Amino acid sequence: MGGISTMLEIPEDAYLALSSLGYTKERIAREAKGSLAAYLFKNGILSLGKASELAGLSIGSFIDFLGELGIPVIDYDKEELEAEFQAAREL
């Protein structure tokens, strides 16, 4: 699967601070992609599948990642949630 490569510019001081904490360029890029994917999913810009693809994670792993960030995968409003509970009660 091909992809488009982009460059992430990090100020030298920030990179030195991160590298002193054990961050490699690969880890920084991976975490940046994951954070971007989570942000885009949370704001309804990308679907769960497309966001997990951007993050480079399986859907299950991406759902776990979202959970660690406190981002719900399903975000019902009060009426939608009540409708789901009503449907469950009717079953």
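Just so it is clear, the structure is predicted and the values come from calculations on it, not from any experiment.
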Distance-minimising heavy-atom pair for [X] and [Y]:
| X | Y | result |
| --- | --- | --- |
| Gly34 | Phe62 | O-CE1, 4.4 Å |
| Ala38 | Leu69 | CB-CD1, 3.7 Å |
| Ala51 | Phe41 | CB-CB, 3.8 Å |

Value rounded to 0.5 Å, distance of CD1 in Ile59 from CG in Leu66: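 Spacing of CD1 (Ile59) from CG (Leu66) equals 11.0 Å.
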Interatomic distance, Leu40 atom CG to Leu46 atom CG [nearest 0.5 angstrom]: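 Between Leu40 CG and Leu46 CG, I get 4.5 Å after rounding to 0.5 Å.
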same_hphob_cluster(Leu57, Val73) at 4.5 Å side-chain heavy-atom cutoff: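 Hydrophobic grouping puts Leu57 with Val73.
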Backbone N/O of Ala32 and side chain of Ser35: donor-acceptor pair under 3.5 Å: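 It does not hold such a pair.
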Side chain Ser61, main chain Ser58, donor-acceptor under 3.5 Å: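 Looks like no, no N/O pair under 3.5 Å.
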Student check: side-chain heavy atoms of Leu48 and Ile63 closer than 4.5 Å: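 Yes, side chains in contact.
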Residues that, via side-chain heavy atoms closer than 4.5 angstrom, fall in one hydrophobic cluster with Tyr23: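 Traced through the cluster, Tyr23 reaches Leu8, Ile10, Tyr15, Leu18, Leu21, Ile28.
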Over 12 foreign heavy atoms within 6.0 Å of CD, Glu12: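 No, the 6.0 Å shell around CD holds no more than 12 heavy atoms from other groups.
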Salt-bridge contact Lys33-Glu53 (side-chain N to carboxylate O under 4.0 Å):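 Salt bridge between Lys33 and Glu53, a charged N being under 4.0 Å from a carboxylate O: no.
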Arg30 and Glu26: CA distance, side-chain angles, deciding distance, salt bridge (Lys or Arg N to Asp or Glu O under 4.0 Å) verdict: CA-CA 6 Å; Arg30 184 177 60 249; Glu26 293 79 15; over 6 Å; no
